[in-house]
Amino acid sequence: MTSIYASTAIRVAVLGEWVPSQLADVLALQRAEEPETSAALVRCAAAELASKSLDDDFDFALSSTDLEWPGWVCEPLWHDTLAVAVAKRSHLLVHRDVPCHELQKQPLICAQSTADEPWQALVHRLIGDAPHEQVVSTFDMAMTLVAAGYGIAIAPAARLAGYQCRGIAVRPLAGAPPIVMAYLLHTCEALTEPQERFARRVRSVT
């Protein structure tokens, strides 16, 4: 586990490969409203956690899954819905919200790096077994194939938004229920005043 900044008052671990876009807004608020208490991001792989004393490494953590850590609280934070990524010339763009029966006719491109994300199971429940499902190693690789017209990808809208400048168009998935995209984790012990203010800023960002 390695901090990308020098040690500072508020240490925030981002668990996994996905960094929620709202985190930038939180850090900007912290910088503007309380510049004397800076925030540092900490890279953290889930495999490292078992051998660590968590509260010695960071003050807060952001996770895309509901984790149960002894002595820690895990609260739902930011919500999103599933969306469909297609090539910008795709015929599916005639739909404002893409129906599931249309997706069942398309090759589905999935990323191994997101295979354990909880929304993946929801995708398969909604559309069933897609024809010619292709699994690649990373989400970036999946989006490259989608942009080239080799198939579609389904993921939370916030995760797809950053790819719209790379030949991707995004449409909502019809009938997709809201899902939790990010959880905030912090110790059950009383937070310091700067930590409490930081937590309030996190919760204020939607």
Side-chain angles (χ1 to χ4, degrees), residues 12-28 41 43-46 60-67 74-88 90 92-93 95-104 106-130 133-148 150-185 202-206:
V12 183
V14 179
L15 309 184
E17 70 164 17
W18 179 61
V19 181
S21 59
Q22 294 95 332
L23 182 55
D25 296 329
V26 173
L27 298 179
L41 299 185
R43 289 196 296 266
C44 185
F60 297 93
L62 289 176
S63 171
S64 60
T65 57
D66 187 358
L67 299 177
C74 183
E75 60 179 90
L77 190 59
W78 298 314
H79 297 72
D80 202 359
T81 54
L82 290 175
V84 184
V86 301
K88 286 193 173 178
S90 172
L92 292 175
L93 294 178
H95 300 283
R96 181 177 178 181
D97 298 328
V98 183
C100 290
H101 67 83
E102 287 291 341
L103 301 179
Q104 292 166 350
Q106 308 300 318
L108 179 65
I109 301 173
C110 301
Q112 187 62 42
S113 61
T114 62
D116 295 330
E117 296 278 9
W119 48 267
Q120 289 283 19
L122 179 57
V123 168
H124 287 283
R125 285 202 301 272
L126 288 170
I127 70 170
D129 294 328
E133 181 173 323
Q134 181 177 357
V135 179
V136 295
S137 58
T138 68
F139 200 71
D140 272 355
M141 289 176 64
M143 293 298 99
T144 298
L145 291 175
V146 170
Y150 283 89
I152 64 168
I154 302 173
R159 188 169 297 199
L160 297 175
Y163 290 90
Q164 292 184 95
C165 61
R166 296 170 53 178
I168 296 290
V170 178
R171 287 289 186 274
L173 177 58
I179 56 174
V180 172
M181 276 296 296
Y183 293 85
L184 176 68
L185 292 103
V202 173
R203 299 180 186 115
S204 74
V205 171
T206 60

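In this chain, residues are counted from 1 in sequence order.
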* Considering only heavy atoms from C-beta outward, does the side chain of Gln120 approach that of Thr114 to under 4.5 Å? -> yes
* Asked: Do the side chains of Ile154 and Leu126 get nearer than 4.5 Å, heavy atoms only?
  -> no
* To do: Salt-bridge test for Glu117 and Arg159: reply yes if a basic N is under 4.0 Å from a carboxylate O, no otherwise.
  => yes
Give me the atom names and distance for the closest heavy-atom approach of [X] to [Y].
X	Y	value
Trp119	Ile179	CB-CD1, 3.6 Å
Leu160	Ala83	CD1-O, 3.6 Å
Leu173	Val98	CD1-O, 3.5 Å
Leu145	Gln134	CD1-NE2, 3.6 Å
Ala153	Leu108	CA-CD1, 4.3 Å
Leu82	Pro156	CD2-N, 3.8 Å

* To do: Sequence neighbours left out, what passes side chain to side chain donor-acceptor pair (under 3.5 Å) with Gln22? Give chain and number order.
  => none
* Asked: Excluding sequence neighbours, so at least two apart, what forms side chain to side chain donor-acceptor pair (under 3.5 Å) with Tyr163?
  -> Asp140
How long is the straight-line distance from [atom2] of [Y] back to [atom1] of [X], given to the nearest 0.5 Å?
X	Y	atom1	atom2	result
Trp78	Leu184	CH2	CG	8.0 Å
Lys88	Ile168	NZ	CD1	8.5 Å
Met141	Cys110	CE	SG	13.0 Å
His79	Thr81	NE2	OG1	11.5 Å
Leu15	Leu67	CG	CG	6.5 Å
Cys74	Leu185	SG	CG	4.0 Å

* Structure fact -> With sequence neighbours left out, the residues meeting side-chain contact (heavy atoms from CB on, under 4.5 Å) with Gln164 are Ala161, Val170
Say whether, by atom type as modelled, one donor and one acceptor occur between the side chain of [X] and the main chain of [Y] under 3.5 angstrom.
X	Y	answer
Asp80	Met181	no
Ser63	Thr65	yes
Arg171	Leu92	no

* Run the numbers on Leu77 and Val202 for side chain to side chain contact (heavy atoms under 4.5 Å, CB included), then give the verdict. => CA-CA 8 Å; Leu77 190 59; Val202 173; 3.4 Å; yes
* In sequence, state the C-alpha distance, the side-chain angles, and the governing distance for Ile152 and Leu103, and then conclude on side chain to side chain contact (heavy atoms under 4.5 Å, CB included). => CA-CA 8 Å; Ile152 64 168; Leu103 301 179; 3.5 Å; yes
* **Verdict with reasoning, Tyr183 to Leu62, per side chain to side chain contact (heavy atoms under 4.5 Å, CB included)** => CA-CA 6 Å; Tyr183 293 85; Leu62 289 176; over 6 Å; no
* To do: Give the C-alpha distance, both sets of side-chain angles, the deciding distance and a yes or no for side chain to side chain contact (heavy atoms under 4.5 Å, CB included) between Leu23 and Val205.
  => CA-CA 9 Å; Leu23 182 55; Val205 171; over 6 Å; no
